[in-house]
There are 2 protein chains.
Amino acid sequence: MPEPFLFHSGMSTLSTKERILNSTEKLIAEHGFSELSIRKISQRAHTNLAAINYHFGNKQQLIDQVLERRLNNLFDIRKSMLDELNQGDSNKVCNLEQILHAFIAPALFMINDEHQGGRIFMQVLARAYAEQSESLHELMKDRYAPIIKAFAEAIGLACPELPRETIFWRFHFIIGALTYTMGHFGATSVARQMPEAEYFEKSVAELIEFAKAALRT
Amino acid sequence: MPEPFLFHSGMSTLSTKERILNSTEKLIAEHGFSELSIRKISQRAHTNLAAINYHFGNKQQLIDQVLERRLNNLFDIRKSMLDELNQGDSNKVCNLEQILHAFIAPALFMINDEHQGGRIFMQVLARAYAEQSESLHELMKDRYAPIIKAFAEAIGLACPELPRETIFWRFHFIIGALTYTMGHFGATSVARQMPEAEYFEKSVAELIEFAKAALRT
DNA sequence: ACGCAATTCAAACGACTGTTTAAATCGCTA
DNA sequence: TAGCGATTTAAACAGTCGTTTGAATTGCGT
């Protein structure tokens, strides 16, 4: 029951559970799933091996919670921004740029929130996508599919000239470009020798322009 | 020196080296890098553990050769199709659709060539991208960057109204959408309950239309 | 301050990892 | 057919893997 605040031995104020989640996230982002071991996780979290199984059951359930923790947050923000545009009327015709912003910008907020470590997570997400992670697939199907569908429908209303099927495809491709870009964020910004913050804002602005252009009629 | 044709025990006519490359490719596509072991590889290739180290040195060099084998082929085709459009004059203004076709369609050919197993490789490629594979990164930087640059310049000539930087970004996003789509090819086609061949042609057609729209001025 | 539950810990489990070794086998040439 | 280099093989190497165990420790309510 305790789950106490720990100040001893120069450690941060986070609980063991949170430290484990954070170190897992960092290790996946840095070295991928192939090199991920619970021994490295527990070392980086300054805790014991068995603490992981105690708090999460097993390795896979830990990974699942790493994904869920931030994905729930991301999709909640996306949804509420879309709802704000719709203002209670899901049949309202919204500005395309605003819709795309509601989808893309929350990823921006996450990635820029240094303290919350969102940037790290976007790389985790990209890796999980590529691994065809089963837990991610189920999360998408069960929990997030309705939100993605709501965006697709809003885009459909904003672009009445485009066939429904074309909307589906292009939105799919935009998600692909977003995922790819976020996953390669660290690497590309180094290659371009540009401050990360600047490069990041540039990425999102260009991505929104790109998506707008791709959805024009 | 032998490297003989093997007909015994119902085995295919491929050499041990080729069988190892193929089984590695399949295992990466099916279960990702995290579950890849040289024992599984050698079992599937109907050969011995040590044959891998004998023929490739170590596991990493084997993976490198899996990537190189088909990437060399893919970029050779892309390059020759672009050269054909340019007809010796790299300053010639080409049709945008033709340029995009020269970039995207070779991936189509590979993916449709059942015998060569190109479809499998595109999933390997997507996974390697997501893993930020160092060997892939070096291949791209050293060998393929000039070809990608040549495409970017051809697109620049075809879209003179777009700033050079915008071209760079959008081409980057298009590569992202292509990579993402190819990586998720198997999964999505099942979900859509459409014959693979049909779904595949649809994907490429939609992807080219998407890219064209995204590069319009 | 005692007791109990929550948490942490060290140690060990068997299974699997990539690589190396040396012997056995193969296919060609002389 | 004898010999030789190329290839294949079985066996063992030292590590690391995820998980489980039971004991030590912690912190809170009584």
Side-chain angles (χ1 to χ4, degrees), chain A residues 1-25 27-28 30-67 128 131 133-135, chain B residues 1-25 27-28 30-67 128 131 133-135:
Chain A
M1 208 207 290
E3 187 105 355
F5 290 88
L6 302 171
F7 287 102
H8 58 81
S9 76
M11 204 171 294
S12 76
T13 129
L14 298 173
S15 71
T16 301
K17 213 167 169 178
E18 288 171 308
R19 291 202 317 278
I20 292 174
L21 285 170
N22 289 341
S23 72
T24 306
E25 200 168 56
L27 284 169
I28 296 173
E30 287 170 14
H31 305 112
F33 287 98
S34 11
E35 296 180 24
L36 185 68
S37 81
I38 60 173
R39 277 175 178 80
K40 291 178 190 164
I41 293 172
S42 62
Q43 276 175 27
R44 190 137 171 182
H46 299 105
T47 185
N48 188 272
L49 246 182
I52 291 176
N53 298 80
Y54 174 76
H55 284 288
F56 298 94
N58 58 35
K59 187 186 176 184
Q60 185 56 53
Q61 291 179 47
L62 164 60
I63 295 176
D64 292 352
Q65 291 208 25
V66 168
L67 293 176
E131 285 275 331
S133 150
E134 196 163 322
S135 20
Chain B
M1 208 205 291
E3 187 108 354
F5 290 89
L6 302 170
F7 286 103
H8 57 82
S9 77
M11 205 172 293
S12 74
T13 124
L14 299 173
S15 71
T16 301
K17 214 167 168 178
E18 288 171 309
R19 293 203 315 278
I20 291 174
L21 286 169
N22 289 340
S23 72
T24 306
E25 199 168 55
L27 283 169
I28 296 173
E30 287 171 14
H31 305 112
F33 287 97
S34 11
E35 296 180 23
L36 185 68
S37 80
I38 60 173
R39 277 174 179 80
K40 291 179 191 166
I41 293 172
S42 61
Q43 277 176 26
R44 190 137 171 182
H46 299 103
T47 184
N48 187 273
L49 247 182
I52 291 176
N53 298 81
Y54 175 76
H55 284 287
F56 298 93
N58 58 35
K59 186 186 176 184
Q60 186 55 53
Q61 292 179 45
L62 164 61
I63 295 175
D64 292 351
Q65 290 209 24
V66 168
L67 293 176
E131 286 274 332
S133 150
E134 196 164 322
S135 20

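The shown structure was predicted, so the numbers you read here are calculated from the model rather than taken from an experiment. Keep in mind that the numbers below use all heavy atoms, side chains included, and drop hydrogens, waters and symmetry copies. Order of the sequence lines sets the chain letters (A, B, ...), proteins ahead of strands, with each chain counted from 1.
Crowding of B:E134 atom CD: a count of heavy atoms from other residues, nucleotides or ligands under 6.0 Å not exceeding 12. The number of heavy-atom neighbours closer than 6.0 Å to CD of B:Q61, taken from other residues, nucleotides and ligands shown, is above 12.
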Exercise. Tell me, for nucleotides 10-17 of chain D in 5' to 3' order, what letter each nucleotide earns: B for a base near a protein heavy atom under 4.0 Å, S for only sugar-phosphate near one, - for neither?
Worked result: B-B----B
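Here the C1' atom of nucleotide C:dT17 and the CZ atom of B:F33 are 17 Å apart, to the nearest Å. When the P atom of C:dT19 is taken as reference, atom NE2 of B:H55 falls 15 Å away, rounded to whole Å. As a whole-Å value, the separation of B:Q43 CD from C:dG18 P is 12 Å. Atom CZ of A:F56 and atom C1' of C:dT7 are 14 Å apart (whole Å). In this structure, CD1 of B:I52 is placed 12 Å from P of D:dT8, rounded to the nearest angstrom. In this structure, B:I20 places its CD1 atom 14 Å from C1' of C:dG18, rounding to the nearest Å. Between the OH atom of B:Y54 and the P atom of C:dA22 there is a distance of 17 Å, given to the nearest Å. For the pair A:I63 CD1 and D:dG18 P, the interatomic distance rounds to 9 Å; values are reported in whole Å.
Using a 4.0 Å cut-off, some side-chain N or O of A:N53 falls inside it from OP1 or OP2 of D:dT19. Contact annotation: B:T47 reaches the phosphate of D:dT9 (side-chain N/O to OP1 or OP2, under 4.0 Å). Remark: B:T16 is in phosphate contact with D:dT8, judged by side-chain N or O atoms under 4.0 Å from OP1 or OP2.
Across all strands, A:A51 comes closer than 4.0 Å to no nucleic acid atom at all (heavy-atom distances).
Legend: salt bridge (charged side-chain N to carboxylate O under 4.0 Å, His left out) pairs involving residues 47-67 of chain B, not counting sequence neighbours: none detected. For residues 32-49 of chain B, every residue pair satisfying the salt bridge (charged side-chain N to carboxylate O under 4.0 Å, His left out) rule, not counting sequence neighbours, is listed here: B:E30-B:R44.
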For this session: Check step by step if side-chain contact (heavy atoms from CB on, under 4.5 Å) holds for B:Q60 and B:I63.
Result: CA-CA 5 Å; B:Q60 186 55 53; B:I63 295 175; 4.2 Å; yes
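Once rounded to the nearest 0.5 Å, the distance linking OH of A:Y54 with CG of A:N48 reads 13.0 Å.
Scanning for side-chain contact (heavy atoms from CB on, under 4.5 Å) contacts around A:S133 gives A:L67, A:A128, A:S135, A:L136, with sequence neighbours left out.
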